[in-house]
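Remember, it's 1-based here, ligands and their atoms both numbered in the order they're listed. Each residue takes its place number in the sequence, starting with 1.
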Amino acid sequence: MSEHFHVPSLIVKKREGLELAKEEIRSLIEGFTRGDVADAQMSAFAMAVYFRGMTAAETAALTYAMLESGERFAFQGEHPPVVDKHSTGGIGDKVSLILAPLVACCDCWIPMVSGRGLGITGGTLDKLESIPGFRVNLSIDEAMRQLERIQVAMMGQTEQFCPADKKLYALRDVTGTVPSIPLITASIMSKKLAESLDRLVLDVKYGSGAFMKTREQAIVLADAMVAVGREMGVEVSTELNAMNEPLGHAVGNALEVIESLEIMQGRGPKDLLALVLSQAEKITKIPQDQLLTKIQSGAVIEKFKSIVSQQGGDSKQLFALSDIHRAAVIRELRSEAGGTVTAFDAGIVGQSALELGAGRARSSDPVDFAVGFDRLIKTGVCLERGDVIARIHAQSESAANRAEQQLRQALMIS
Ligand code: URA
């Protein structure tokens, strides 16, 4: 960091609610990436941003500085449109697993860089790693070569990819500074922009199972992300989707892959399919009925098998996941009353899956691929007493008992 920038003064400037200049933000992030700005200073800065917010120009500068902190995809010569999606996270949200191979069947390249589950929301990388042998730690070079071969790569953030975000996220995670709109915007958009995209669709969730609890908060986050994306020349579209009940019928790593395979074979829950089609349409510009035909043709499941085998997995094991990851206790939960399901609280279901071991409270925690729920009932369904409302996959009777209590609390029937 140049001597001109005195880190404590930058922290104080933000703490007092003043606007930082682009160069100040860039120097701060450069210094932090090199290790010259201490974690304690960066944590204080994050807390100042949490309380004071950032202007649109500051948020764009922060995003750009984080993007510049590492390597990025560099596409040369003629190539298809480079596209991706991002979801702010939900319960049972497995759209990426299906959308990536679908879009790769549509003359687009999709270099999908995803995250791990954190808190109650699941992560694409954990789900993919429930496939034996699947390797998510691709280098940018490897991913570029894979794009040329099969038009899609599904990978995690490497040490070289937005390292400033990786370091800052780890600090935010333990300092109560995750839920800040400018920090979330810069974190998400720096990674997506490092993919050098032409088009991006953002699925911004709100509700009990999402970061943003209200639609109004989700709109503010969506607007902030769109502004940054457009400033960087990316065609960004958004969707605001409620996350008040789990998406589809399954929550948990291997269980969500199994459900995604169903959709890729032309079956599976309608709410999940609807999100896949609407988001894929926005980035491929191909109408939904044609996208559906691609799924029904078998091309998408074949593309997914190619991803698995290119990334070290055994695609033959895909259809044996329920045996490979079988929890010790699988319990059917039956309704104690008849009536219409009016709510199945996604926040409670997500918390329960987390406690079963499907998610992680801290980014360094391991996850259990086998546990979670399937056959989750949907709102609007008319039930008779004794109908199945969910199946619990747990590693002990006591864990299943606790999950049973939580699911009954999450379910409203009237
Ligand atoms: N996902 C990210 O990658 N970063 C955030 O800050 C929040 C969600």
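- For ligand 1, the protein residues placed under 4.0 Å by at least one non-hydrogen atom are Tyr169, Arg172, Ile184, Ser187, Ile188, Lys191, Phe211.
- Sorted by first and then second residue, the pairs that involve residues 93-109 and meet side chain to side chain donor-acceptor pair (under 3.5 Å), not counting sequence neighbours, are Lys85-Ser96, Ser87-Asp93, Lys94-Glu259.
- Under the 3.5 Å distance criterion, with hydrogens and angles disregarded, a donor-acceptor pair is assigned to the side chains of Gln279 and Glu239.
- Using the six-membered ring where Trp is involved, Phe75 and His79 have ring planes that are tilted, between 30° and 60° apart.
- Taking Gln310 as the reference, Gln146, Arg149, Ile150 meet the side-chain contact (heavy atoms from CB on, under 4.5 Å) condition, with sequence neighbours excluded.
- A donor-acceptor pair shorter than 3.5 Å can be found between the side chains of Gln288 and Glu281.
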List the atom pairs, donor and acceptor, that lie under 3.5 Å between side-chain atoms in residues 316-328 and the rest of the protein, sequence neighbours left out.
residue: His325; atom: NE2; partner: Ser130; partner atom: O; Å: 2.6

